[in-house]
Each structure stands twice: as structure tokens, then as C-alpha cells.
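Notes for the one structure printed next.
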Amino acid sequence: MNDKLTKPYDPQSTEAKIYQMWEESGFFNPDNLPHQTGKPFTIMMPPPNATGILHLGHALGLTIQDIAIRYKRMQGFKTLWLPGTDHAAIATQAKVEKEIYKKEKKSRYDLGREELLTRIADFVSASRGTIQSQIKTFGASCDWSREAFTLDEDLSLAVKTMFKKMYDDGLIYRGSRVINWDPKGATTIADDEIVYEERQAKFYTFKYSADFPIAISTTRPETKIGDVAVAVHPNDTRYQKFVGQEYKIVFCDVPLKIKIIADESVDPELGTGALGVTPAHSIIDWEIAERHHLEGLQVIDERARMLTSNKNLHGKKTTEARDIIVDWLKTENLLIKEEDITQNVSTAERTGAIIEPLPKTQWFVDVNKEFTLTENSNLTSIPKGSKTTLKKLLHQVVDSNEIDILPNHFKKTYFNWINNLRDWCISRQIWYGHRIPVWYKGAEVYCGTTPPTGSDWIQDEDVLDTWFSSGLWTFSTLGWPENTADLKTYHPTDILVTAHEILFPWVARMILMTGYGLGQIPFKKVLLTGIVRDAKGQKFSKSLGNGIDPMDIANKFGADAGRMSLIVGTAPGTDMKIDENKIKGYKHFANKIWNITRFILSNTENIKYDPNFTDFTSTDISLRQNHIQTIKDITDDMETYRFHLAAEKIYQYTWHTLADEILEASKDIFNTSDDATKNSRAQLLFQILKDTLICLHPFMPFVTEELWHLANFDQNLLLVEPWPQAND
RNA sequence: GCGCGAUUAGCUCAGUGGUAGAGCGCUUCGUUGACAUCGAAGAGGUCGGAAGUUCAAUUCUUCCAUCGCGCACCA
């Protein structure tokens, strides 16, 4: 027996060495696997943001993916798990800008586009190295030779190709409308980059002028100098007689033309039941104005300051303007009511600034425009060559179960979102990211994957929303638009493992892009993971600074223990709290397996393992049957992705059956029985130990691999040892 | 407002149409040759409340309560 076994298991001195051994074997790359005839099984790793370190949420996702990949690899599948990172346009640029400002007091405008991009690239390459080593520390058996980055040259070509295809099909258009403007980041942001905060506010009810017949209510009086209409509900008897009339008034020294219109969207119960329509500074009002063919009037600029003919207001901050206007209303005796209310204020997730809705020219993806599904389509839920829309496509592939989402109830959440889907604003006013592949020359517009020939063409300044490129992730990483061997072999991928909070921004966009671009599904199954919270139940976040580096856990308890504690006792998709005691428990478990092996080997030193042995005693036959049944149960759970149950079963069996019962009883046998009984028991223990190490390997890969070699079952790596066939 | 989830042992959480489960904690006893990280025994739960379906409900249905989350609204 190896001397190493006489000491307690030490993960720290073992894990890095084992990972290196796996990497050197080349088996993370499916091209090198010993079983080349197997069916492919593919997972694309959700690319972490290139901004920094991973937290336990990532560790959970990585563990689930690694369990799936290792299990399938041991079953003889040709397994590809492709890792990568996301450039995360706004998040990364904001982070680097912040650091530069802190150190050098310089803004991006001081540096200029090129210099800033160089700085970001430097930051990102350092950060990617950190992320890589963290992924390795947690034992992820992914194929580093295929690692991808969303800004790589070939992935950028995929982005441009997709943009052009959508542009040519009329699914991408440039248009003016009210968007979410982040005054601090000086960029547009998407609906799902907004966080709502509850705040106290004043709700003012007033008339524009003494001779205006209807009172309105608002929390933002300063926007009212941009009003063009007052909308009432068509059935509201109080106001019906005014509908259609137009009034010329002067509001706070600003001349306005206000038309009274009737619109179904107005809630007659709220406030006075009449809504002052400010098309340029409210998304809802913009839509009302469109329905009634009214022009908007912009009165607030990009820095959230007033734009108006009233010199007293012009250039003032919106909050200052509000006070001035309220004072004016009071002096003019127009203010009817002032109430305290709590309201949800939209703020930018990345910068914290209050969102200012502004009319802007932006690029959009039209989710309701019909297009013809490619003739190459393999989708079963929509006939190839038929007409559909992106919205319908998103609905159909999940509704028909062509894509399965686990846990099941998230399907309802998904449909809820699809039904409320608006056109997707894809342009961002920042510098880091995929620049929009459109050039202008006077009134001429050119869209292409390469710049136009000829002089005087100017490229669009904006870059694309980062989700546009991550939407292509399952196939841009495999070489699309080239029809590569990898693309043919590994796409569609099998499962996607990701946090439920990015079901919409990412998962839905991947379904959209892949369905439209390739006529395929990006993945057959989505496994949504819960959010890992700290001991107080708080979400890990950069702003709270409570992130736990998975490295710390790996150092203190071992990656195996960390992995087990993230899996056992947690229902998939349910949020969980992380508890150090739990992790410690699984460190003990790693040591337990270590000592089980030590016991078995030290009691069988003159007996040779015989894989074909059948001459068991009757006691051993029944113990063996029980063991085989356990493997069967575990395999069933693995097949249905109930990893938490499989892990718990193998844990229970190993500790409380193998160790507490079988090993305890074996002490007597090895001390007192005849050779035949001893041999039967030894062969039984060998078989059980072998299968136990195999079944535990997807969950605790390091300690099992180490023991596999100390026990010397064969020369292979446990990594590629076949999963037991539980049929005898 | 619409939707989703949770409510099970002191704590953190699994699970199930047919005597209620784990880890940690707690109590008692044992253990100097597998175990610094061990074992045995034990205490502890009307499975949030009410009604219904069923031979049988913690599990399925409906309603209610409390907590959390998502979406919308926020004029």
C-alpha cells in the first residue's frame, strides 16, 4: 500500500497536480478521446464577464456542467465542453473607465477612442487569465484548445454576418423613439438593464392654465412643458365633451398646443383620470402619441438638463426645474393637490443613475416583422420556408417542447416575457464592443461585413448591445458562418446550464438568433440554476462586496468539498444559502473515502483484484445486489439531471452502507474467517470500491482520481473509465 | 395589477398518493490499529391554515395567510 494513504487526505497538494494530469492527457478535447465513435454531447459554457473574478454562482454552474460532461464522457459520448469569456461591453468599459478616473483623473474623452480600447484590452487579457485559473481550480473538464472570446476575430465576423443578414431581411432597422437613457453612462440601455428602486415622491395635481378645462396629475411637472395632448379614457363621461378640441395655452411662460384625445390605455381611476401626454419623455406617452399622430417635443437633454425657450428654466437640472415650476403653479394658483406617494424609479443597473427617457435614433431588432424561415431549417415546430416572426419563433420552439426548460415552471415565466416583448434596442453609445457594421456617406447607407470601398464613408459610432454577440454563442464558437466540421458535429448543443436571472437577456436571445440565423435550436435543454446567496441570504454582488472567491473554498476545504456542498440538498433552480459548515462536512467525506480505500487496501494486501470473480459467499451476493441496485438508482437520477439526488445517494451509500456496515462487518471476516470467505469479501470490496469511485467521480473528481491510481485498478485515468452497466 | 416560487426537526434544506428524511447542532455511551475528520443509541416534526378529491393527502385541487422573486404600472 502506498504510504500516502497513511496520512489524512490533503486536497491542496493533490488537486492542482491532478488537473495538470488531466490536461496533459488531452481528453478534455473530444478529438483525443479513446472512444471516437461515440455520439457527440456538447455544452457551451456561459461566458463569464471579462470584468473580474468568479463568485459561487459561477462555481455552481460550472459544477453542474462538469458533472454532466464527466458523466457523459464516462458513458462513451464524444464530449465537448467549450469555455470562453464575454467582453460585456458596458460593464467592462464602465469598470475600466472608473479605474482610470480613480488613478489618473481622466475621462474617456481625454483618452480618446483608440487609447481607451487599448487600456480595456490590457485589462481584459489579465482578467481572462484569472478567470481561467479559477475555472481550473474548480475542476472543470472543458476543452481549452477551443476557448473563445466574444471579441475574437472569427466571432466578430459572425456578429457582422448576422447583423447584415438581419438588416437585409428588414429585421434590423434604424428608428427614432423614446429609449432608456443613462445620463451618467451617457448611453442607451436595454429594458432589462434597469433596476427599480422605491422612493418617496410628490404627486402634483394642477391645471396648465386658468382657462384650461381639465386638471392633470404628475410626479414630474418639469416635463409638462413638453406636453402636446391630454388623454382621457373614451368612456369617461366627465371629459367626453372635450375630446377633439385643441387649446393654445401658455404654461410657465412656454406656449403649448394641447389637444384632448381619447385613448383606451388611460386609467380613469388614477389621479384626475386625465393624462398629460409628453411623447418625448415617456415611453407610454410616445406610444399614445404615435397612435394619434402627434409630434413629440424634446425638453430635456442628454445630461438631464432642460431645453426650453423659457430662459429661466433652460440649462437647469430637471430637479431644479421641478421646484421652479411648482413655485410658479403656486403663485398662479393652479396647484390643486400635492400628495406624498411611493413610486418606483428606474435606475441604470451599471451606473445607478436615474433613467431619463429620451427620443433618440437607435438601431432596433424588429420582433414582429415577418421573415421566411431558412430552407436549411431543422426546426420541427415551424415548417422550413414558412413565414414567421421572431416573437412567434421564440414562443413556438418552447411551447412545442423542442427546447425543454427545467425546472418546468420557468416556462411560464418565459412565455410571460415573450408576450410583453418589444423591439430590441441593440445600439449602445459606448466604444468597447462590436461596432455597428454600417457606414454613411451623405444620404447613402452601406451595411456589410467589410468596409465599403471609396472615400468619405463614415462608420456608425455606436457599438452593439453585448447580448447581440452572446446570442450567437452556441454557433459563433464553432466557426459559423463557415460550415465547419465542428459546427456539423456539435450543434445544436445538448444542454445549457445558466442562472435563471438571465433567462431573458441571454437564453431567449440565443433561441432567437439561432432559430433565425441557422434554423436550429441552440440547445435541447435548459437547466436553470438558483442564485447562491451568502449566509444572510443576500445576493452576491459587486456593489455589496460580499462575493466569495471559489478559490478560497478550494484552498480551505478542497474543490471536491465545495462542489458537493453546492449540489447536495439543493433543488435545481431554487436559491440557496452557502454555509461553511456544510462545506466542512464534505471535506470530512473526502477524507472518509480516503480512509475507506486505505482500509480495503491494507486488509487485502496479498489478494489480487479479479474483475471476473463470481464465487461470492451468499452474504456477499446479497450485498453485491444491493450495491448494483444503488448504481442503477444513481444512474437513473443522472439521466434525468437530478444530480442532487444522485449525489446524496452515493454519499449515503458510501458512508453509511459501505463504511458503517460492510467495512465494520469485514473486520471480523478478515480476522477470523477461512481463505475462501476472505477472498470473496476482498473481491466484493474491490468491486464496490471501484464502482463507488466511478460514480463519485463526476461530483468529486480530484479525490476519486487520486484514489483510483493509488488503488491501481487499471492504468487508465478515471476521467475516461467507463460508467458501470448496472444490468447484472 | 398579473404571474411564479417558498412555508417540513433547534438551524440550513431535500423528498414523497401508503410508518417522515439528510447535514449541522443537541443528549448518552463507546473507541489508542481505516478515520486528528471515528462508531452506536437517542431526543426532537398534526410537513403554514382551511376545505375538497381519494380506501388513503405532507404530496393532487381550490381558497386563505406570511415571506421572497419576476413582469407591468409608476400620467
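Protein chains get the first letters and strands the later ones, always in sequence-line order, with residue 1 at the start of each.
- Looking only at atom types and distance, the side chain of A/Asn671 has no donor-acceptor partner in the side chain of A/Lys678 under 3.5 Å away.
- Annotation for A/Pro357 and A/His281: closest pair O-ND1, 3.1 Å, computed over non-hydrogen atoms.
- Among the protein residues, A/Asp285 comes within range of no part of the nucleic acid, since none of its heavy atoms lies under 4.0 Å from any strand.
- The residue among A/Tyr9 and A/Phe203 whose nearest nucleotide of RNA chain B is located toward the 5' end is A/Tyr9.
- Residue contacts shown for A/Lys584 are absent, as no nucleic acid heavy atom lies under 4.0 Å away.
- Checking B/U53 for Watson-Crick or G-U wobble geometry (two distances, each under 3.5 Å) identifies no partner in any strand.
- Only one option out of A/Thr630, A/Asp636, A/Asp637 pairs with A/Lys649 in a side chain to side chain donor-acceptor pair (under 3.5 Å); it is A/Asp637.
- In this structure, A/Ser565 reaches neither bases nor backbone, as no heavy-atom distance under 4.0 Å exists between it and the strands shown.
- Looking at which nucleotide of RNA chain B each of A/Pro8 and A/Lys412 is closest to, the 5′-most match is held by A/Lys412.
- Put simply, A/Lys592 has a side-chain N or O that comes within less than 4.0 Å of OP1 or OP2 on B/G39.
- Among the atoms of the strands shown, base atoms are found under 4.0 Å from some heavy atom of A/Ala659.
- With C1' as the reference atom, B/C74 and B/U16 are 44 Å apart, rounded to whole Å.
- Candidate nucleotides B/G39, B/U37, B/C4 were compared by shortest atom distance to the side chain of A/His409, and B/C4 ranks first.
- Contact annotation for A/Ile216: no contact, since no heavy-atom pair falls under 4.0 Å across all strands.
- Comparing B/U7 with B/U12, their P atoms sit 13 Å apart, to the nearest whole Å.
- Environment of NZ in A/Lys411: crowded, with over 12 heavy atoms of neighbouring residues, nucleotides or ligands closer than 6.0 Å.
- Within 4.0 Å (heavy atoms only), A/Gly585 reaches no atom of the nucleic acid at all.
- Nucleic acid contact for A/Leu503: none, since no nucleic acid atom lies under 4.0 Å from a heavy atom of the residue.
- Residue A/Arg422 is in sugar-phosphate contact alone, with no base atom involved, counting any heavy-atom pair closer than 4.0 Å across all strands shown.
- Shown here, B/U66 forms a base pair with B/A6; the pair counts as Watson-Crick or G-U wobble because both key distances fall under 3.5 Å.
- If you check every strand for non-hydrogen atoms under 4.0 Å, A/Ile600 touches nothing.
- Nearest heavy-atom pair across A/Ile607 and A/Phe686 is O-CZ, 3.9 Å.
- Taking atom P in both B/U59 and B/C67, one finds a spacing of 23 Å when rounded to whole Å.
- Nucleic acid contact for A/Thr574: sugar-phosphate only, since backbone atoms but no base atoms lie under 4.0 Å from a heavy atom of the residue.
- Figure legend. B/G17 is base-paired to no nucleotide; pairs are counted as Watson-Crick or G-U wobble with both atom distances under 3.5 Å.
- A/Val266 comes within 4.0 angstrom of a nucleotide base, judged by non-hydrogen atoms across all strands.
- In this structure B/A22 sits in a base pair with B/U12, meeting the Watson-Crick or G-U test at under 3.5 Å.
- At the heavy-atom level, A/His656 lies under 4.0 Å from the strands shown only through sugar-phosphate atoms.
- Not one side-chain nitrogen or oxygen of A/Trp655 sits closer than 4.0 Å to the OP1 or OP2 atom of B/C38.
- With hydrogens and angles left out, the side chain of A/Glu664 and the base of B/A40 share no donor-acceptor pair within 3.5 Å.
- The shortest distance between the side-chain N/O atoms of A/His500 and the OP1/OP2 oxygens of B/G68 is not below 4.0 Å.
- For A/Val326 against A/Pro221, the heavy-atom pair with the smallest separation is CG2-CG, 4.0 Å.
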